[in-house]
Amino acid sequence: MFSKIRVLRTIIYFYVAIYFKIYASMIHLETPTEFSFEQTLRFLTRNQKECLHFVKNDQVFKTLSINNALVLFAISFDSGLQISIHSEQTDEKNIKIIKKYVSDWFDLEADLKTFYEVAQNDSVLKNLCQKFYGLRMIGMPDLFESLIWSIIGQQINLNFAYSLKEKLVQNFGQKLIFKDDVFYALPTPEKLASLNIEDFQPFQFSKSKAQYILNVSRAFAEGHLSQEMLAKLPFEEIRQKLVAIKGIGNWTANYSMMKSLKNYDAFPVEDVGLHNAVKTQYNLPAKPSIKELHSMSEKWAGWRGYATFYFWHSLLG
DNA sequence: TACCAGGATGTTG
DNA sequence: CAACATCATGGT
């Protein structure tokens, strides 16, 4: 009789432990009315070489470095976002950080209603908004990541850009192994700052591209530049501080401002993808000039970055 | 082979 | 300030 109670107690303990193991690390994140998980996945799966997140069975896997420790979590959708954390320690602090990260990443806080109202001024953009209803600007909550990614993407096609990023991440990034799968996170600024131009060349980086990446990495590693520092500043001051770094031009600055700093009006007007999308969507005989784009974009005032994102999305077909 | 790709910098008029 | 030249690297 005594041993039966012990067995029973053990069983109960076991299931209680399982319960907490599973449910203590399940997080629910409310989504706004204008939110489409389908469009989110469509964007996130746009390139097979993407190595900083992973999508399988409508679940998005992401590794995040929190206090120098990698944490893996998976996001799925079921009347709101469900986040499960696959990590040993998941304290309240980490949960808070992850919630904030996902909210920023999928841009859950943006006032999409107002964007859609503004889009009514432009029949072409209005059409895209109906087609991609609920698409939010999938961002990069980490400014360093968006700067590195946009420098990689300068003047080369996206496919090649993804393959350069893959090499950078796999060779210098942080690695986490979970159930025989390998998950990566971006190299730290310190790690990249410690490299030389020659270290990049075996991976097909041009010398200038490597130098630009070093410039940004060193600025971050040495504390001359940080996301917190910039986030407080007004639009033009942020842009100027970014452009002051050799290798960051207007396109890169605006790209990062829209993707990482929630400057929804940031407008990477030099973007070739935008040019192609606008040509197609407006049925123009040729790609628009920068001047023409500035003029067209007045209709999107306040939301030029969001409009750009929708035009990019139209390139997926 | 010439031209293109989610540009940036430097020089010239 | 705007137009041009040059830089690099791979893909088509």
Side-chain angles (χ1 to χ4, degrees), chain A residues 42-52 128 132 135 137-140 143 145-168 171 196-219 225 236 239-261 263-281 284 286-297 300 304-317:
Chain A
R42 187 153 165 268
F43 177 82
L44 291 175
T45 53
R46 71 190 172 138
N47 194 291
Q48 293 303 312
K49 286 182 191 154
E50 173 61 62
C51 55
L52 292 182
L128 289 181
F132 305 140
L135 171 69
M137 190 192 296
I138 308 305
M140 295 188 188
L143 175 65
E145 180 184 337
S146 71
L147 287 172
I148 296 300
W149 171 233
S150 50
I151 288 171
I152 288 175
Q154 289 171 0
Q155 187 56 20
I156 59 174
N157 66 64
L158 260 184
N159 223 11
F160 183 45
Y162 272 106
S163 98
L164 287 183
K165 179 167 97 165
E166 190 175 35
K167 291 174 201 173
L168 189 79
N171 285 282
N196 301 107
I197 290 181
E198 300 76 52
D199 296 321
F200 292 87
Q201 290 186 310
F203 309 117
Q204 299 172 286
F205 284 72
S206 67
K207 284 175 190 166
S208 55
K209 208 177 274 303
Q211 184 60 61
Y212 297 165
I213 288 173
L214 288 178
N215 293 347
V216 170
S217 300
R218 287 173 185 160
L225 194 68
E236 188 52 26
R239 202 190 67 82
Q240 285 183 11
K241 281 204 185 306
L242 289 174
V243 169
I245 296 172
K246 198 167 283 188
I248 300 181
N250 190 59
W251 175 83
T252 304
N254 278 279
Y255 179 91
S256 290
M257 288 173 72
M258 64 180 264
K259 295 279 279 188
S260 297
L261 297 176
N263 286 120
Y264 298 135
D265 202 28
F267 188 37
V269 64
E270 299 86 353
D271 188 88
V272 175
L274 175 66
H275 301 170
N276 289 329
V278 165
K279 174 179 181 292
T280 303
Q281 296 302 318
L284 303 177
K287 289 196 279 187
S289 68
I290 304 285
K291 206 172 180 179
E292 287 168 331
L293 272 170
H294 274 301
S295 164
M296 295 174 76
S297 73
W300 322 327
R304 291 178 178 85
Y306 240 97
T308 300
F309 190 72
Y310 268 65
F311 280 108
W312 282 340
H313 205 64
S314 75
L315 293 169
L316 297 180

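A note on names: the letters A, B, ... follow the listed sequences, proteins ahead of strands, and every chain is numbered from 1. Keep in mind that this is a model prediction, so the values were computed, not measured.
For B:dA5, the OP1/OP2 oxygens have a side-chain nitrogen or oxygen of A:Asn276 closer than 4.0 Å. Between A:Lys209 and B:dA8 there is no side-chain N or O to OP1 or OP2 distance below 4.0 Å. Using a 4.0 Å cut-off, no side-chain N or O of A:Ser150 falls inside it from OP1 or OP2 of B:dG7.
Nucleic acid contact class of A:Leu164 (heavy atoms, under 4.0 Å, all strands): none. Residue A:Lys291 is classed as having no contact, given no heavy-atom separation below 4.0 Å to the nucleic acid. Nucleic acid contact class of A:Ile245 (heavy atoms, under 4.0 Å, all strands): sugar-phosphate only.
Residue A:Trp312 is the one, among A:Trp312 and A:Val243, whose nearest nucleotide of DNA chain B lies closer to the 5' end (criterion: closest heavy atom). When the nearest nucleotides of DNA chain B are assigned to A:Tyr212 and A:Leu274 by heavy-atom distance, the more 5′-ward of the two goes with A:Leu274.
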Review point. What one-letter contact string describes nucleotides 7-12 of chain C from 5' to 3', where B marks a base within less than 4.0 Å of any protein heavy atom, S marks contact via sugar-phosphate atoms alone, and - marks no contact?
Key: -BBSS-
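Looking only at side-chain heavy atoms (C-beta outward), A:Leu261 and A:Ser256 stay at 4.5 Å or farther from each other.
Paired with A:Leu274 under the rule side chain to side chain contact (heavy atoms under 4.5 Å, CB included), one option of A:Phe267, A:Phe309, A:Trp251 passes, and it is A:Phe267.
The ring pair (Phe, Tyr, Trp, His ring centres under 6.0 Å) test applied to A:Tyr310 returns A:Phe115, not counting sequence neighbours.
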